[in-house]
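In what follows, a single structure is set out as structure tokens and then discussed.
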Amino acid sequence: MTTVTVFGGTGFLGQRLVRRLAAEGTTVRIAVRHPDRARTAFGAVGSERVNVFRADVRDQGSVAAALVGADAVVNAVSAYVEMGGMTFEAVHEHGAQTVAREAAAAGVARLVLVSGIGADAKSGSAYIRARGRGERLVQEAFPGATIVRPGAMFGPGDALFGTLAHLAQLLPMLPLIGGGRVRLQPVYVEDVAEAIARVLADTGTAGLTYELAGPDVYTMRELSEIVLRITGRRRLLVPVPFAVANVQARLFELLPNPPLTTGQVDLLKADNVASGTLPGLCELGIEPKAVEKIVPTYLARPQPAG
Ligand SMILES: NC(=O)c1ccc[n+]([C@@H]2O[C@H](COP(=O)([O-])OP(=O)(O)OC[C@H]3O[C@@H](n4cnc5c(N)ncnc54)[C@H](OP(=O)(O)O)[C@@H]3O)[C@@H](O)[C@H]2O)c1
């Protein structure tokens, strides 16, 4: 692939993907609403390889402009909170459909949609339902689309371990939403970026859906215990019923950067692990990195000298 447009190229995953693609000599177009953030993030990357486009997946004209002459497109746009016109439906359904339609119309050869493990068009959760419907709309508009469904992603700046560590720093206890029994299979964000790069390089992956999960399954309680162990803190783990967490999330969603959203609470109601029926990192030749190996590299607190 010589030119790849990455919608959401300044995001947690998108930044890693842009660097990965640029490093192999691909020309990358970052398509986002805030180009200034892209310039700050990628100032050091060879600017001739990384171009920035102002685009909003809800605006057909801006999507079309970002796709002219592209060989491939990756949609890594995210909306975790509904705010103003940024609804789950607008971004994950209609926005994803617009990218797919415009890519097909422009003759773009490959499309990768980043969705999530558990995406389900019939879910009772607005967020999970929109992800499932979005996948279908994209497959209809661009039949060769490849869908990648990551599990909860970890890496420096993540919303999983980073948020737990932050809460442990602020609070005398750590909340266990729904009792902390739900099971997650966290995946290293760099492994997901590598997987997408390999999908783009292999036309045999067209039309397939991949579940990208890490090597181990943990309950939320176990993940909280890991964070406490790595950060050297002792905190009481306190179960919080889903109904209470939902009310808290609704209040948090009034903040500019909510530490918890109703979409995240919904995701904690059912296990978020690979089904085992779809191909994953292994089929792409990637050995997934373990939580215990990576998370201490960015969460561990320096030990006092002596
Ligand atoms: N993080 C996880 O643990 C996780 C787990 C499973 C699946 N996923 C999925 O992985 C994908 C990437 O997630 P992430 O955590 O990397 O997201 P993120 O850090 O929140 O980044 C979102 C990106 O989307 C762009 N964006 C938002 N709204 C847009 C719009 N209307 N038009 C164009 N660009 C827009 C943002 O830039 P601007 O604000 O400048 O537009 C930003 O570059 C998402 O599909 C997410 O659902 C994430």
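Indexing begins at 1, ligand by ligand and atom by atom, following the structure's order.
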- Message: Please check if the number of heavy atoms outside R181 that lie under 6.0 Å from its CZ is greater than 12.
- Response: no

- Nearest protein heavy atom to atom 37 (O) of ligand 1, by residue and atom, and its distance? T10 OG1, 3.4 Å

- Query: Step by step, would you call K289 with E190 a salt bridge (Lys or Arg N to Asp or Glu O under 4.0 Å)?
  - Reply: CA-CA 9 Å; K289 315 273 180 317; E190 297 286 358; over 6 Å; no

- The answer for which part of R131 has a heavy atom under 4.0 Å from ligand 1 is side chain

- Message: Just so I know, are the side chains of H166 and P259 near enough to count as touching, which here means a heavy-atom distance under 4.5 Å?
- Response: no

- Under 3.5 Å donor-acceptor, N272 side chain and I117 backbone: yes

- So is there a nitrogen or oxygen of V32 less than 3.5 Å from a nitrogen or oxygen in ligand 1? no

- Query: What atoms of ligand 1 come closer than 4.0 angstrom to any heavy atom of G8?
  - Reply: 23 (C), 24 (O), 25 (C), 43 (O)

- Quick one: which ligand 1 atoms are inside 4.0 Å of a heavy atom on L13? 16 (O)

- Note on the structure: In terms of its nearest heavy atom to atom 31 (N) of ligand 1, the top option of D56, T98, V192, L184 is D56

- Find all atoms of ligand 1 within a distance of less than 4.0 Å from any non-hydrogen atom belonging to V114, and give their numbers and elements. 9 (C), 10 (O), 11 (C), 45 (O)

- Query: Ignoring hydrogens and geometry, is there a side-chain-to-backbone donor-acceptor pair from R198 to L284 under 3.5 Å?
  - Reply: yes

- Hey, which of V6, V4, T26 is the one that makes side-chain contact (heavy atoms from CB on, under 4.5 Å) with V18? V6

- Task: Looking only at non-hydrogen atoms, find the nearest pair between A245 and I177 and report the distance.
- Result: CB-CG2, 3.8 Å

- In ligand 1, the atoms that come under 4.0 Å of a heavy atom of A152 are 3 (O)

- Message: Heavy-atom pairs closer than 4.0 Å: do any link ligand 1 to the side chain of F7, the backbone, both, or neither?
- Response: neither

- F88: heavy atom below 4.0 Å from ligand 1, yes or no? no

- Could you say whether the N/O atoms of V77 and ligand 1 ever approach to under 3.5 Å? yes

- Note on the structure: If you scan protein heavy atoms around atom 29 (C) of ligand 1, the nearest is R33 NE, 3.4 Å

- Any donor-acceptor N/O pair, D71 side chain to T2 backbone, under 3.5 Å: yes

- Query: Below 4.5 Å, heavy atoms only, C-beta onward: do L228 and R234 meet side chain to side chain?
  - Reply: no

- Item | Check: E253 side chain, T262 main-chain N or O, donor-acceptor pair, under 3.5 Å | yes

- Whether T297 side chain and I294 backbone form a donor-acceptor pair below 3.5 Å: yes

- Pick whichever of P186, S115, S78, P150 has a heavy atom sitting closest to atom 9 (C) of ligand 1. S115

- Can you pull out the closest protein heavy atom to atom 5 (C) of ligand 1? Residue, atom name and distance to 0.1 Å, please. G151 O, 3.3 Å

- Query: Is the backbone N or O of G155 less than 3.5 Å from a side-chain atom of D158, with the two atoms forming a donor-acceptor pair by type?
  - Reply: yes

- Task: Would you mind running through ligand 1 and noting each atom that sits below 4.0 Å from a heavy atom of V57?
- Result: 30 (C), 31 (N), 32 (N), 33 (C)

- Task: Without swapping roles, check the side chain of Q185 against the backbone of G214 for a donor-acceptor pair under 3.5 Å.
- Result: yes

- What atoms in ligand 1 come closer than 4.0 Å to a heavy atom of Y127? 47 (O)

- Message: Heavy atoms only, cut-off 4.0 Å: how does A38 contact ligand 1, side chain, backbone, both, or neither?
- Response: neither

- Task: Quick one: look at A55 and ligand 1, take heavy-atom pairs under 4.0 Å, and tell me if it's side chain, backbone, both or neither.
- Result: backbone

- Message: Quick check on contacts: which atoms of ligand 1 are under 4.0 angstrom from a heavy atom of R37?
- Response: 39 (O)

- Task: Please determine if M86 has a nitrogen or oxygen closer than 3.5 Å to a nitrogen or oxygen of ligand 1.
- Result: no

- Message: My understanding is that we take every heavy atom of each candidate and find the minimum distance to atom 38 (P) of ligand 1. Doing that for Q264, M153, H34, which one comes out nearest?
- Response: H34

- Message: Suppose we measure from atom 14 (P) of ligand 1 to each protein heavy atom; which comes out shortest, and what is that distance?
- Response: Y80 OH, 3.6 Å

- Query: When only distance counts, is V91 in polar contact with ligand 1, meaning an N/O pair under 3.5 Å?
  - Reply: no

- Item | For G11, the ligand 1 atoms whose distance to one of its heavy atoms is below 4.0 Å | 16 (O), 18 (P), 19 (O), 21 (O), 42 (C), 43 (O)

- Within 45° of the axis and under 6.0 Å from the centre of the six-membered ring of F12, does NZ or CZ of R16 qualify? yes

- Under 3.5 Å, is there a donor-acceptor pair between the side chain of Q264 and the main chain of T261? yes

- Are A76 and ligand 1 in contact, using a heavy-atom cut-off of under 4.0 Å? yes

- Mark the output for P35 as yes if a heavy-atom distance to ligand 1 is under 4.0 Å, and as no if none is. no

- Are any side-chain N or O atoms of Q97 and backbone N or O atoms of V138, one a donor and one an acceptor, separated by less than 3.5 Å? no

- Item | Proximity flag F154 to ligand 1, non-hydrogen atoms under 4.0 Å | no

- Query: What residue and heavy atom of the protein are closest to atom 19 (O) of ligand 1, and at what distance?
  - Reply: F12 N, 2.8 Å

